[in-house]
Structures are given as structure tokens and as C-alpha cells.
Protein chains: 2
Amino acid sequence: MSEDKSVESEAALFFAFFTEVGILAQLSRALLESRLPDGVSVAHYSVLNHLVRVCDGQTPLTLARAFQVPKNSMTHTLSGLEARGLIAMHVHPDDGRSKQVWITQDGRDFQAAAVGLLKEDVARLIPKLDTEQLEELTTALGGIRKVLDDDRSVAQSHAGPETKTP
Amino acid sequence: MSEDKSVESEAALFFAFFTEVGILAQLSRALLESRLPDGVSVAHYSVLNHLVRVCDGQTPLTLARAFQVPKNSMTHTLSGLEARGLIAMHVHPDDGRSKQVWITQDGRDFQAAAVGLLKEDVARLIPKLDTEQLEELTTALGGIRKVLDDDRSVAQSHAGPETKTP
DNA sequence: ATTATATAGTTCGAAATCGAATTAATGGAG
DNA sequence: CTCCATTAATTCGATTTCGAACTATATAAT
């Protein structure tokens, strides 16, 4: 094998990798979506999950950065959750411009129930997957994520200073 | 290490993996989107790319399946491309219900130019990535994709018979 | 031939997403 | 204290996405 691979083949590999990532993301997203009750989107579920598993009391902007979405998208998602009584938002005690997002008991109950919705799917799929490989892949993907994430500060002419990862 | 991992930790790994996949997909998608000219979406670009790199003359439904999107979404994407003169659609000679999608010379020119839009990004990122690892990862992800894809036929109560992968 | 069923594509309405402009609050410079 | 630049969140408008209903062709059964 030639050590000095052509730029083209490297680029092709680059695209193939991200194509595969994109397809996998779409497949898993579609599966999750099909399991969620009507009116609750993947975005809703993800935020609720984050509030339970990481922590609540964060600001909308912090959440937007954590999920790599524009802050107005997060506003929309949060207002949906608030309308359903799954979260509560209060003015931030230290900064009148900002808010704190707290999960409610209903929100916790919902999240706990939602985890079970995928139980069957996970049980069916796990035996078909190599758990050890999955672990290695997760680590490796995390590394690539970091590379891309760090690069975002560098990427020229990408105007928007908003939406940066923590 | 215990051979008999708990279901919970396996499920957690499962979620961690797909979370990582989702974040990577969003990052790469956002980068691509920021490079495309105004009015051309990632969906437009992907279809155009497919027509050049795989083949044109396929039907909208075939394309929808290839991209894992509902057929009406593909209709929308294709009409955008047609309005820009990047593709042409004709009634299928063998089936009056169906159509054939052909890329135009303008479409080919556009696709050729678009590849260059990401050249800088690829050149900047490739040195930060392990090419060999990227290759292994792509293969491994493809395997997992296949597992998920095959599983879709099994996944109970997933009503929609439409949108199946070729 | 006629009818029923299935398939390809479109239309329609609802929801999600996001860039840009807007409003409100903060914090610093003079 | 006042002004001004900055930051957090929202609102607005345009686009994308998708499920469900619809139209038209095609295929099979009788």
C-alpha cells in the first residue's frame, strides 16, 4: 500500500465516514421518534434526559450549547416542555436577562417512563451488536467529535459566534 | 471485568454511542450547510451528489429509500432542484405513475464546484485525524448500520411500510 | 372488460428549525 | 450618573420535514 495516499482518496474516506455517521444518526433518531408519545419530539426528550442525567438549573443558552443548536431553537423546545408542565423556568437570581430551567416532578416521571419505551428495542438490538466494539467506537467517535469541535473555533468565515460547545 | 454486564450498563453504552453519533452528525451537517451557497440545502446537495456519484435516471421513490426519507420529502427536495435547473424529471417510459430523475449539465457543474467548497475544511481536518482509524470506523459503523437496518423490518408496531432501505 | 388492490407521486396542514432583527438587562468607560 | 457595547432570550419570517389524505396509473382477479 502506498504510504502517501492521495488527497482525493482521503477526502473520499472523510465523506464516507460522515455519510455513515449521518445514516446511523437518522436511523436511531427515527427509531426513538417512533417510540415517543404524540406531541413529544426527540428534541424534547433529549433535553428532558439531559436535565435528569446531567443536571437542571442551567440556562437556556447553556443547554443550546450543550446540544449544538441555535438558542432560538432551544427557546422553542423549552416552551413546548413548559407548556406540558414537564419543566419550569424562572428568572435567574443572579442575572435578570437569563433564566434557570428546572425539571418538574411530572418531567421526572415522564423521563423515567420514557426510558422504558426503548427497553424492548435495546434488548433486541444489543445481542446483535458487539458490546466491546461499541465501547471502543464510542470512545473513538468522542475523539473525532473533539477534533471537529475544536476546529469550529478556527473554521474561517463561519460568522456566527453563537452556539459553541462547552 | 465481569462477563455478565448488567442490562443497564449495556443500555447506557447503547445510548452513549448513539448520542455520540448524533452529535457528530449534527456537527458535520452544520459545517457542510455553512459552506453551501444560499438556497441550497444539505438535502439538495446530498441528492445531487448521489446522482453524480451513484447514478441518475432513478425514480423519486428509489431516491427516497436511498436517503431514508419519506417520499413526500423527496418530492420537495427534487422540486427545489428542478426549479434551479439542476435536475430534470421526465415521466418514466415503462410506468406512467413514475418519473426518472436526471441531472443536468448545470447540476453537474454545480456539484463539481460544491466539492471544492469543502476542500479547505477537509485539508485542515484530515491531518488531525487518524486516516487508518477513520477507515476502520467507517467499516464498523457500516456493520452497525446494517444491523439497525435489518432490524427495521422486525421492529414491531412501526406502521409505515414506506421508506425502506435498498 | 370490469372491478379491486397496490403503487408512484403530489398536495395539504402541522410542526420543527434556524438566521436575522428585536427587547431587556448587565457592566464598563468616562 | 449616563452612555454604549455586550449578552440572554424572544419574536418573526422563511424553509424544511413529515404524516395523512388524495390523484393517477398499473396489475391482478374474475
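Numbers restart at 1 for each chain; the letters A, B, ... are given by sequence-line order, proteins then strands. Atoms considered below: every heavy atom in the structure, side chains included; atoms not considered: hydrogens, waters and symmetry mates.
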(request) Give a yes or no answer on whether the side chain of A:His44 reaches the backbone of A:Ser41 with a donor-acceptor pair at less than 3.5 Å. (result) yes
(request) Measure from CZ on A:Arg29 to P on C:dA16 and round the result to the nearest Å. (result) 11 Å
(request) Scan A:Ser73 against the nucleic acid and name what it touches under 4.0 Å (heavy atoms): base, sugar-phosphate only, or nothing. (result) base
(request) Quickly work out the A:His92 NE2 to C:dT26 P distance and round it to whole Å. (result) 12 Å
(message) For a quick test of reading the model: is some side-chain N or O of A:Thr59 closer than 4.0 Å to OP1 or OP2 of D:dA8?
(response) no
(request) Enter the distance from A:Asp95:CG to A:Thr59:OG1 here, rounded to the nearest 0.5 Å. (result) 9.0 Å
(message) So, under a plain 3.5 Å distance rule, would you say the side chain of B:Asn72 forms a donor-acceptor pair with the base of C:dG9?
(response) no
(message) Among D:dT17, D:dA9, C:dT10, which nucleotide has an atom closest to any side-chain atom of B:Thr77?
(response) D:dT17
(request) Let me know the distance between CG of B:Leu81 and P of D:dT15, rounded to the nearest Å. (result) 15 Å
(message) Can you give me the closest heavy-atom contact between A:Gly39 and A:Arg84, atom names plus distance?
(response) O-NH2, 2.8 Å
(request) Among D:dG19, C:dC18, D:dA9, find the nucleotide with the atom closest to the side chain of A:Lys99. (result) D:dA9
(request) Check the distance between D:dA8's C1' and A:Asp95's CG and give it to me in whole angstrom. (result) 7 Å
(request) Compare side-chain N and O positions of B:Thr75 against OP1 and OP2 of C:dG9 and report whether any pair is under 4.0 Å apart. (result) no
(message) So, does B:Ser41 get its side chain near the phosphate of D:dT15, meaning an N or O under 4.0 Å from OP1 or OP2?
(response) no
With the criterion being N/O to N/O and under 3.5 Å, what pairs connect the protein with nucleotides 1-4 of chain D, and how long is each?
none

(request) Look at the side chain of A:Ser98 and the backbone N and O of A:His92, then say whether any donor-acceptor pair between them is shorter than 3.5 Å. (result) no
(message) For a quick test of reading the model: is some side-chain N or O of B:Lys71 closer than 4.0 Å to OP1 or OP2 of D:dC18?
(response) no
(request) Figure out the CG/P separation between B:Leu78 and D:dT16, and round it to whole Å. (result) 13 Å
(request) Map A:Asp94 and B:Met89 onto DNA chain C by nearest heavy atom, then report which one ends up closer to the 5' terminus. (result) B:Met89
(message) Are B:Phe14 and B:Val147 connected into the same hydrophobic cluster when the rule is that any two of I, L, V, M, F, W, Y join if their side-chain heavy atoms are below 4.5 Å apart?
(response) yes
(request) Measure the distance from CE on B:Met74 to C1' on D:dT16 and round it to the nearest whole Å. (result) 13 Å
(request) Please report the closest heavy-atom contact between A:Lys99 and A:Pro60, naming both atoms and the distance. (result) O-CD, 3.5 Å
(message) Ignoring hydrogens and geometry beyond distance, is the side chain of A:Arg97 in donor-acceptor contact with the base of C:dT26 at under 3.5 Å?
(response) no
(request) Kindly compute the distance separating CG (B:Leu48) from CD1 (B:Ile103), expressed to the nearest 0.5 Å. (result) 4.0 Å
(request) Calculate the interatomic distance between A:Leu61 atom CG and C:dA24 atom C1'; express it in whole Å. (result) 15 Å
(request) Can you tell me the distance, in whole Å, between the CG atom of A:Leu36 and the P atom of D:dG19? (result) 13 Å
(message) Can a donor-acceptor pair be found, under 3.5 Å and without considering hydrogens, that links the side chain of B:Gln26 to the backbone of A:Gln68?
(response) yes
